[in-house]
Amino acid sequence: MRCIVFVITTLIVHLSEATTGGGKAPKIPLNDGNSIPALGLGTFLGFSQKGQKEVKPGDSEKPVKWALEAGYRLIDTAALYLNEDQIGAAVRASGIPREDIFIVTKLPMDNQRDVVKQLEKSLARLNMSYVDLYLIHNPVAFNPGFKGFDIVDYLDTWKGMEEAKNLGLAKSIGISNFNTTQIDRILENGQIKPSVLQVEVNLHLGQDKLIDYCKRNGIVVMAFSPFGPMFHDSLPSIRPDDPTLVAIAEKHGKSVTQIVLRYLIQKGVVPIPKSVKKNRIEENIDVFDFNLSSEDMNKIGTFNKEKRTVGMSFWQDHPYYPFEKSDQVHDNPFESAN
Ligand SMILES: NC(=O)c1ccc[n+]([C@@H]2O[C@H](COP(=O)([O-])OP(=O)(O)OC[C@H]3O[C@@H](n4cnc5c(N)ncnc54)[C@H](OP(=O)(O)O)[C@@H]3O)[C@@H](O)[C@H]2O)c1
Ligand SMILES: *[C@@H]1O[C@H](CO)[C@@H](O)[C@H](O)[C@H]1NC(C)=O
Ligand SMILES: *[C@@H]1O[C@H](CO)[C@@H](O)[C@H](O)[C@H]1NC(C)=O
Ligand SMILES: *[C@@H]1O[C@H](CO)[C@@H](O)[C@H](O)[C@H]1NC(C)=O
């Protein structure tokens with residue numbers, strides 16, 4: 001009996017390793033036959049008062065190393081983040097087979113007219129022969145060096161994405177920061193359906209309609225900024241010491257951040273929390289050994305305000321700006337005074 005139990009347990013462990021490539025997160029099927037881990041690491045280092053933060057040696061390589069050791073198998077980057085070289089180096093140094101790791105990168109917003117060439121540049125920086133997922137970062141396009149808007153029809157950009165997939169340089173292709181009108185246009189006119197939409201989703205920005213739309217169209221939603229304003233002290237927000245969240249966390253013997261991530265996973269989206277701290281990177285993936293009840297889910301859902309944390313209103317005069325326009329235009333952090 002004990003022997004049978006052992007064999008079955010070993011079999012189950014092996015089966016789950018086979019489907020997760022040794023990682024902690026189970027995999028979700030994509031509409032093109034590939035599959036994506038249910039949680040990943042975000043790697044954008046963000047902004048300082050002076051604009052986009054400079055990326056110094058090790059800044060992204062170390063967190064990615066810790067993440068791979070902790071069982072992450074999905075890493076999210078972008079040409080914009082200026083760290084693709086460090087991500088490639090960390091993946092190679094890990095010794096984990098390349099095919100067990102899911103790498104996402106994105107088309108530069110200021111070079112949307114030559115997709116294959118831009119992806120080849122990313123691959124050279126990553127030092128890889130393919131990425132698992134290539135995304136159009138934004139339907140809003142700029143001239144090289146962000147010198148003013150470029151009006152590129154994203155349908156033309158999508159043709160380049162299809163070419164990248166057909167060439168095998170990207171196993172799957174998708175979009176980021178697109179709205180449903182724009183996705184409809186791609187679905188109606190494209191040859192290949194987007195596999196993924198990456199957008200902001202968190203407790204403050206539920207995006208239920210958009211998520212439902214994507215489910216109906218077979219598109220997996222990746223949730224960026226999964227903590228929303230929770231750790232931005234300057235923004236009004238639900239805080240990590242909120243009594244409702246603390247009570248749910250205590251009941252499950254988990255932290256509030258783990259509850260937030262588990263909530264998003266059970267909502268059916270793929271969160272990509274960013275951290276550069278080892279203990280937090282480990283904490284953020286330790287969310288696959290418990291379930292929130294539907295009562296917990298409903299309680300957490302009541303925090304939704306449909307309010308964005310990552311606003312892009314400074315680009316709202318672009319004809320393909322995807323979001324509702326705002327009366328109060330935010331300062332553009334990409335152009336902060338030096
Ligand atoms: N497609 C797009 O346009 C787009 C836009 C925005 C973001 N993204 C992607 O999504 C990723 C995540 O979004 P994000 O970076 O905006 O925000 P986020 O992941 O929601 O939050 C990151 C912040 O939370 C802190 N944090 C992380 N884990 C924590 C924990 N367990 N306890 C306490 N604090 C914790 C981090 O600090 P420390 O690092 O100091 O731990 C950091 O300040 C990005 O890195 C990027 O890959 C994509
Ligand atoms: C690129 O990867 C290969 C192994 O695939 C390695 O030999 C080479 O040193 C790497 N190049 C850089 C610049 O890291
Ligand atoms: C969570 O729920 C899923 C199905 O809904 C089940 O397969 C899994 O075993 C549960 N996990 C735990 C730790 O209860
Ligand atoms: C999506 O963005 C386009 C701009 O390209 C805009 O005309 C349209 O109204 C937006 N649709 C939704 C649903 O927000």
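Atoms within a ligand are numbered from 1 in the order they appear, just like the ligands themselves.
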Taking non-hydrogen atoms only, is [X] closer than 4.0 angstrom to ligand 1 via side chain, backbone, both or neither?
{"X": "Ser176", "answer": "side chain"}
{"X": "Thr43", "answer": "backbone"}
{"X": "Phe231", "answer": "side chain"}
{"X": "Asn284", "answer": "side chain"}

Between His318 and Tyr320, how do the two ring planes meet: parallel, tilted or perpendicular, split at 30° and 60°? tilted
Hey, what's the ring geometry for Phe146 with Phe334, parallel, tilted or perpendicular (30° and 60° as the breaks)? parallel
Counting both backbone and side chain atoms, is some N or O of Lys106 under 3.5 Å from an N or O of ligand 1? no
Taking both backbone and side-chain atoms of Val310, is any N or O found less than 3.5 Å from an N or O belonging to ligand 1? no
Among all protein heavy atoms in this structure, tell me which lies nearest to atom 20 (O) of ligand 1, with the distance rounded to 0.1 Å. Phe227 N, 2.9 Å
Which heavy atom of the protein is the closest neighbour of atom 17 (O) of ligand 1, given with residue, atom name and distance? Ser225 CA, 3.5 Å
Taking it one step at a time, do Asn83 and Arg125 satisfy side-chain hydrogen bond (donor to acceptor under 3.5 Å, both in side chains)? CA-CA 9 Å; Asn83 62 5; Arg125 289 185 292 260; over 6 Å; no
Treating Gln182 as the side-chain partner and Asn179 as the backbone partner, does any N or O pair qualify as donor plus acceptor under 3.5 Å? yes
Short side-chain to backbone donor-acceptor contact, Asn304 and Gly301, under 3.5 Å: no
Distance only, no hydrogens: is a donor on one side chain within 3.5 Å (strictly under) of an acceptor on the other, for [X] and [Y]?
{"X": "Asn202", "Y": "Ser225", "result": "no"}
{"X": "Glu162", "Y": "Asn166", "result": "no"}
{"X": "Tyr213", "Y": "Asp184", "result": "yes"}
{"X": "Gln266", "Y": "Asp296", "result": "no"}

My understanding is that we take every heavy atom of each candidate and find the minimum distance to atom 36 (C) of ligand 1. Doing that for Lys274, Met230, Glu282, which one comes out nearest? Lys274
Measuring from atom 12 (C) of ligand 1, which candidate in Val260, Ile272, Val201 has the nearest non-hydrogen atom? Ile272
Any residue meeting side-chain hydrogen bond (donor to acceptor under 3.5 Å, both in side chains) with Glu283, in chain and number order, not counting sequence neighbours: Ser255, Thr257
Using a cut-off of under 3.5 Å, which N/O atoms of ligand 3 pair up with protein N/O atoms, and what distance separates each pair?
residue, atom, partner, partner atom, Å
ligand 3, 2 (O), Asn291, OD1, 3.4
ligand 3, 2 (O), Asn291, ND2, 2.3
ligand 3, 11 (N), Asn291, ND2, 2.9
ligand 3, 14 (O), Asn291, ND2, 3.3

Might you confirm whether atom NE2 of His232 has over 12 heavy atoms from other residues, nucleotides or ligands at distances under 6.0 Å? yes
